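Here the structure comes first, spelled out in structure tokens, and everything after it is commentary.
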Amino acid sequence: MMRFSSIKALAAAAVLAMLATGCAKPTQSYDYTAFKRSKPASILVLPPVNKSPDVNATYGMLAQMTRPLAEAGYYVVPVALVDETFKRNGVVNPDEMQSIGIDKLRQTYGADAALYVEVEKYGSSYYVIGSEVTVVASARLVDLRNGDVLWTHRASASSAEQNNNSGGGLIGMLVTAAVKQVMNTLSDRTFDYAGVASNRLVAQGQPDGMLYGPRSPRYVKEQ
């Protein structure tokens with residue numbers, strides 16, 4: 001019969017193993033071979049395709065994509081210039097913009113790669129005992145020199161991530177939800193969460209995240 005001390009030792013070992021597994025650094029599963037071979041230095045961010053019912057989704061995301069990419073070490077073609085150039089040439093719909101051939105995009109903007117973004121969810125929603133602001137988007141980085149897909153990712157941001165507990169029972173929760181919905185609508189808090197989603201979408205240093213660009217001090221370490 002196993003002694004009590006032996007059982008304690010086995011239990012302690014099991015706990016340590018679980019802790020070690022939980023604290024282990026997540027491994028990257030994305031294949032960055034094409035990305036590292038391409039080594040893009042400049043990125044063209046195309047106006048996002050909007051799949052949500054909110055008409056503000058495209059430019060709510062586009063306005064906040066440049067900074068995280070620039071801070072990651074890439075030159076980003078000015079998004080306002082890109083949008084205006086499309087419109088001056090009669091292309092006003094993001095779906096049409098993203099359907100233009102890579103050769104034409106390369107010739108017009110001179111970028112190494114293009115970031116194709118799709119907004120899946122954007123806006124606030126109200127339900128019986130709650131109100132949430134949610135932004136969900138996906139991205140695809142394509143080499144404009146050969147059409148290779150270098151990287152894909154999906155990210156989201158939501159007010160549900162915060163602690164929404166409230167006192168006052170059911171009536172209190174209903175009132176709180178209604179107030180939040182009004183505040184979300186009046187202050188357009190979705191724009192703030194679009195900024196969070198944009199940063200998460202192209203974030204570096206995370207599993208399956210975007211690699212650093214050549215202007216980043218961490219670029220050499222990743223190559």
Side-chain angles (χ1 to χ4, degrees), residues 34-35 37-124 133-157 188-204 209-216:
F35 201 137
R37 181 175 59 245
S38 174
K39 297 182 179 180
S42 55
I43 294 178
L44 165 68
V45 181
L46 296 169
V49 170
N50 180 21
K51 297 297 184 180
S52 80
D54 194 318
V55 296
N56 297 314
T58 291
Y59 294 102
M61 287 291 293
L62 182 63
Q64 303 183 83
M65 296 296 296
T66 298
R67 181 177 176 179
L69 288 171
E71 291 178 345
Y74 296 95
Y75 169 74
V76 183
V77 182
V79 294
L81 174 64
V82 172
D83 188 56
E84 183 63 23
T85 301
F86 276 127
K87 290 179 178 178
R88 284 182 178 273
N89 286 276
V91 184
V92 298
N93 189 295
D95 290 276
E96 296 175 344
M97 296 174 184
Q98 293 198 12
S99 67
I100 294 176
I102 60 171
D103 292 336
K104 187 65 175 179
L105 293 176
R106 171 78 172 167
Q107 177 185 352
T108 304
Y109 300 104
D112 296 330
L115 190 68
Y116 295 76
V117 179
E118 181 178 288
V119 183
E120 301 171 21
K121 294 182 180 180
Y122 189 100
S124 59
V133 175
T134 305
V135 177
V136 180
S138 58
R140 177 168 51 96
L141 187 67
V142 177
D143 192 321
L144 292 180
R145 296 162 293 192
N146 54 29
D148 288 348
V149 176
L150 307 180
W151 171 80
T152 61
H153 200 55
R154 186 172 183 267
S156 64
D188 191 19
R189 291 180 64 208
T190 310
F191 184 80
D192 297 330
Y193 284 97
V196 176
S198 296
N199 277 277
R200 291 175 177 176
L201 190 61
V202 297
Q204 307 78 43
M210 194 172 193
L211 299 181
Y212 287 95
R215 292 176 175 80
S216 169

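Keep in mind the model is a prediction, meaning the values are calculated, not measured.
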If you take all heavy atoms of [X] and [Y], which pair is closest and at what distance?
{"X": "Leu201", "Y": "Ala137", "value": "CD1-O, 3.5 Å"}
{"X": "Val202", "Y": "Pro68", "value": "CG2-CB, 3.6 Å"}
{"X": "Pro94", "Y": "Pro47", "value": "CB-O, 3.6 Å"}
{"X": "Ala194", "Y": "Gly60", "value": "CB-O, 3.9 Å"}
{"X": "Ser156", "Y": "Val136", "value": "CB-CG2, 3.7 Å"}
{"X": "Ala57", "Y": "Asn50", "value": "CB-OD1, 3.2 Å"}

Counting C-beta onward and ignoring hydrogens, is there a side-chain heavy-atom pair between [X] and [Y] closer than 4.5 Å?
{"X": "Met61", "Y": "Val135", "answer": "yes"}
{"X": "Asn56", "Y": "Tyr122", "answer": "yes"}
{"X": "Leu69", "Y": "Leu115", "answer": "yes"}
{"X": "Ser42", "Y": "Tyr74", "answer": "no"}

Approximate separation, where rounding is to 0.5 Å, of [X] [atom1] and [Y] [atom2]:
{"X": "Tyr116", "Y": "Thr152", "atom1": "OH", "atom2": "OG1", "value": "14.5 Å"}
{"X": "Gln107", "Y": "Ile102", "atom1": "CD", "atom2": "CD1", "value": "12.5 Å"}
{"X": "Gln98", "Y": "Leu46", "atom1": "CD", "atom2": "CG", "value": "5.5 Å"}
{"X": "Gln204", "Y": "Leu211", "atom1": "CD", "atom2": "CG", "value": "9.0 Å"}
{"X": "Leu81", "Y": "Arg88", "atom1": "CG", "atom2": "CZ", "value": "10.0 Å"}
{"X": "Leu141", "Y": "Met210", "atom1": "CG", "atom2": "CE", "value": "4.5 Å"}

What salt bridge (Lys or Arg N to Asp or Glu O under 4.0 Å) pairs are there with at least one residue in [range], not counting sequence neighbours?
{"range": "residues 113-124", "answer": "Glu120-Arg154"}
{"range": "residues 65-77", "answer": "Arg67-Glu71"}
{"range": "residues 93-110", "answer": "Arg106-Asp112"}

Next on the checklist: side chain to side chain contact (heavy atoms under 4.5 Å, CB included) for Arg140 and Val142? Distances and angles first, verdict last.
Outcome noted: CA-CA 6 Å; Arg140 177 168 51 96; Val142 177; 3.5 Å; yes

Item to check | N/O donor-acceptor pair under 3.5 Å between Arg145 side chain and Ser38 backbone | outcome: yes

Next on the checklist: Donor-acceptor pair, distance only, cut-off 3.5 Å: does the side chain of Thr58 make one with the backbone of Pro48?
Outcome noted: yes

Using the side-chain contact (heavy atoms from CB on, under 4.5 Å) criterion, which residues pair with [X]? Sequence neighbours excluded.
{"X": "Val77", "answer": "Leu44, Tyr75, Val82, Tyr109, Ala111"}
{"X": "Val79", "answer": "Val45, Leu62, Thr66"}
{"X": "Ala34", "answer": "Arg37, Leu150"}

Checklist entry - Under the side chain to side chain contact (heavy atoms under 4.5 Å, CB included) criterion, do Lys87 and Asp83 qualify, and how do the steps go? => result CA-CA 6 Å; Lys87 290 179 178 178; Asp83 188 56; 3.2 Å; yes

Checklist entry - Taking the inter-plane angle between the rings of Phe35 and Trp151 on a 0 to 90° scale, is it parallel (under 30°), tilted (30 to 60°) or perpendicular (over 60°)? => result perpendicular

